[in-house]
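Each residue takes its place number in the sequence, starting with 1.
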Amino acid sequence: MDLLQDTADLAPDWAPKRAAALERLRAFIPHAGTAYAKQRNFDFGPGRHEKVSRLSPWVRHRVLLETEVLTSTLAQHTPNAAEKFIQEVFWRGYFKGWLEHRPDVWRHYRSDLVALADRLEKDAALARRYDQAISGRTGIACFDTWATELVETGYLHNHARMWFASIWIFTLKLPWPLGADFFYRHLIDGDPASNTCSWRWVGGLHTVGKTYLARAANIEKFTAGRFCPNGQLAQEAPALQDERPVAITALNWRQTDLEGRRVGWVMTEEDCHAGDLTPQPPAARLVLSAPTQRSVLPLGKHAAAFAPAALHDAYQDVSKHTDAPCEISAEADWSAILANWMQIHDLEVCATPRLTLGPVAKRLRQACRKADIELVEVPRRYDQLTWPHTKRGFFGLKKKIPQILTDLNLHRPND
């Protein structure tokens, strides 16, 4: 399998390389203060998203770490001036931690999606309305434009994502899991937690009873007059209902002592950062780059291309800076690959950055169990400091941000 077979499909804005991420960060950070706060909600259309950072694909796959983004931000701005951008960085961590506390929410979404995919095969009316929506043929110009932009570029402005989800749920009255899946299959920054929770938030399931209603005047204002769907949108947004119980799970931060053991370090699309978190240099490294099937429906070409190429770039980088054997595999059978790799290098334990709910975590954990391999998931400090404050709403985390920045040695007093 050619690791880079589909990278030609990616728009030039989304080079799946750490160098490109650092250049985007360097170019954006001067604008991360008051300019960002004033202009971040404006969607000027494809190729004109300069008012937002557009760092999400690299941060989602941790080609670029949140701490790197925060460090660069606070090097040029006070916490007050960059407050809105700093909060946006923490929203991703909030959703990840919130979902880790509630694995039932992810399981419900996945099971609902399987049932809905089957229903699309049997319900011609639903299939027709769904096809019109994802192919941009609803007759609502803004919605149709965003559907096309998503498929053709793998990206949408955050405000457009909210409008799109609201129109999908309340105007088109389509099942929200199908919309969330459409995003997850096509977004190059598609993230199980952020995507699922954001759709639930729009529908009134995340903050129970609180919905987001897309309004024509708001769309007209924040698209700079490109669209004005007067008379086309729902005027009410009754909250969706889901009576299934959801258990709150305590997070386990217990760490396994790896000192003195022969450790093999594994990188996946969940964390492409070349650095490792083990207390000693690993005896060998393995990069697993086969695209993970995010859905029972086909993966968009941009989403399919970005993660494997980013991992290939990370592999090239780490190969230059380690004496340990470093290998990359695009094979789909992770169990066989891992078992052979562990045996060849006489490894005792397999370590990887802590996995979060999603198809990669399921796939790697199952592969290790099948091959009888001890898997150790090593947490990042940022997650350890952030996730404990994500049990409820974002405000609980928001008020802790100054202390988290201090604990990360990133705090800068306001000028």
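Here the two rings, on W91 and Y94, have centers that are under 6.0 Å apart. Taking the ring centroids of F183 and W146, they lie at or beyond the 6.0 Å cut-off.
Ring pair W98/H206 is tilted by interplanar angle, where 30° to 60° counts as tilted.
Between D43 and L156, every side-chain heavy-atom pair lies at or beyond the 4.5 Å cut-off. A 4.5 Å side-chain heavy-atom check between R110 and K362 finds every atom pair outside the cut-off. Residues R365 and E377 are in side-chain contact: their nearest non-hydrogen atoms beyond the backbone lie under 4.5 Å apart. V266 has its side chain within reach of L338: a pair of non-hydrogen atoms, C-beta onward, lies under 4.5 Å apart. No side-chain heavy atom of R60 sits under 4.5 Å from any side-chain heavy atom of L187. Taking the side chain as every heavy atom from C-beta outward, P175 and L126 approach each other to under 4.5 Å. Side chains of H302 and W14 form no contact here, defined as non-hydrogen atoms less than 4.5 Å apart. Side-chain contact between L99 and W387 is absent, with no heavy atoms from C-beta onward closer than 4.5 Å.
Interatomic distance, CD1 of I337 versus CD of E327, reported as 9.0 Å (0.5 Å rounding). Within the model, atoms CG of L357 and OG1 of T249 stand 9.0 Å from one another, a figure rounded to the nearest 0.5 Å. Atom CG of L410 sits about 9.5 Å away from atom CD1 of I86, to the nearest 0.5 Å. Separation of atoms OG1 (T145) and CD1 (I140) is listed at 11.0 Å; rounding is to 0.5 Å. To the nearest 0.5 Å, the span separating CG on D144 from OG1 on T138 amounts to 3.5 Å. Taken from CG in N195 to CG in D189, the straight-line distance is 8.5 Å, to the nearest 0.5 Å.
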Name every donor-acceptor pair, under 3.5 Å, that has one atom in a side chain of residues 251-260 and the other anywhere in the protein, sequence neighbours excluded.
unit_1	atom_1	unit_2	atom_2	d
N252	OD1	R254	N	2.9
D257	OD1	E259	N	3.0

Side chains of residues 215-222: which donor-acceptor pairs under 3.5 Å do they make with residues two or more places apart or in other chains?
unit_1	atom_1	unit_2	atom_2	d
N218	OD1	H159	NE2	3.4
N218	OD1	W163	NE1	2.9

For residues 21-35, please give each side-chain donor-acceptor pair under 3.5 Å, one per line with the distance, not counting sequence neighbours.
unit_1	atom_1	unit_2	atom_2	d
E23	OE1	R26	NE	3.1
E23	OE2	R26	NE	3.3
E23	OE2	R26	NH2	2.6
R24	NH1	R54	O	3.1
R24	NH2	D13	O	2.8

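Within a 6.0 Å sphere centred on CZ of R137, heavy atoms belonging to other residues, nucleotides or ligands number more than 12. Crowding of R392 atom CZ: a count of heavy atoms from other residues, nucleotides or ligands under 6.0 Å not exceeding 12.
The nearest pair of heavy atoms linking Y212 to S166 is O-OG, 2.8 Å. The nearest pair of heavy atoms linking A283 to L347 is CB-CD2, 3.7 Å. Taking both residues in full, the closest heavy atoms of V63 and C272 are given as CG2-CB, 3.8 Å, listed atom of the first, atom of the second, then distance. The heavy-atom pair separating L311 from I328 by the smallest distance is O-CD1, 4.3 Å. The two residues H345 and P325 make their nearest non-hydrogen contact at CE1-CB, 3.5 Å. Residues S111 and R244 approach most closely at OG-NH1, 4.4 Å, considering heavy atoms.
Of the possible polar contacts, one joining the Q235 side chain to the L233 backbone as a donor-acceptor pair under 3.5 Å is found. Although no hydrogens or angles enter the test, the distance criterion places no donor-acceptor pair under 3.5 Å between the side chain of T322 and the main chain of V318. Listed for the T278 side chain is a donor-acceptor partner under 3.5 Å among the backbone atoms of Q280. Checking side-chain atoms of T211 against main-chain N and O of A237 turns up a donor-acceptor pair under 3.5 Å. Checked by atom type and distance alone, the side chain of R285 never pairs as donor or acceptor with a backbone atom of A324 at under 3.5 Å. With hydrogens and angles disregarded, no donor-acceptor distance shorter than 3.5 Å links the side chain of Q232 to the backbone of T171. With E68 contributing its side chain and L65 its backbone, the two residues share a donor-acceptor pair below 3.5 Å.
Results of the salt bridge (Lys or Arg N to Asp or Glu O under 4.0 Å) test with D383 over R354, R92, R62 single out R62 as the only residue that passes. Looking at F95, F85, Y382 one by one, the single match for ring pair (Phe, Tyr, Trp, His ring centres under 6.0 Å) with F90 turns out to be Y382.
For H49, the ring-ring contact (aromatic ring centres under 6.0 Å, His included) partners at least two apart in sequence or on another chain are Y155, H157. Remark: F143 engages F164 in a ring-ring contact (aromatic ring centres under 6.0 Å, His included) (not counting sequence neighbours). Scored by the ring-ring contact (aromatic ring centres under 6.0 Å, His included) test, Y315 finds no partners at all (sequence neighbours excluded).
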Next item on the list: Just do the side chain to side chain contact (heavy atoms under 4.5 Å, CB included) check on R107 and D104 with the steps written out, would you?
Entry: CA-CA 5 Å; R107 286 192 285 267; D104 287 340; 2.6 Å; yes
Next item on the list: Check the pair V202, W176 against side chain to side chain contact (heavy atoms under 4.5 Å, CB included), reporting the backbone distance first and the verdict last.
Entry: CA-CA 9 Å; V202 169; W176 78 265; over 6 Å; no
Notebook entry, point to check: Can D112 and Y109 be said to form a side chain to side chain contact (heavy atoms under 4.5 Å, CB included), step by step?
Noted result: CA-CA 5 Å; D112 289 347; Y109 160 69; 5.8 Å; no
Item checked: I404 and L397: CA distance, side-chain angles, deciding distance, side chain to side chain contact (heavy atoms under 4.5 Å, CB included) verdict -> CA-CA 9 Å; I404 293 172; L397 173 60; 3.7 Å; yes
Notebook entry, point to check: Given R363 and E269, is the salt bridge (Lys or Arg N to Asp or Glu O under 4.0 Å) satisfied, shown in steps?
Noted result: CA-CA 12 Å; R363 185 177 181 182; E269 66 184 76; over 6 Å; no
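Residues D131 and R128 are not paired through a salt bridge, judged by the lack of any N-O separation under 4.0 Å between the basic side chain and the carboxylate. Using a cut-off of 4.0 Å between Lys/Arg side-chain N and Asp/Glu carboxylate O, K96 and E66 are scored as not salt-bridged. Contact check on E100 versus K391 returns no salt bridge, with no Lys/Arg side-chain nitrogen under 4.0 Å from an Asp/Glu carboxylate oxygen. Taking a cutoff of 4.0 Å between a charged side-chain nitrogen and a carboxylate oxygen, D407 and R381 do not qualify as a salt bridge. A salt bridge is defined here as a Lys NZ or Arg NE, NH1 or NH2 lying under 4.0 Å from an Asp or Glu carboxylate O, and R40 with E88 meets this definition.
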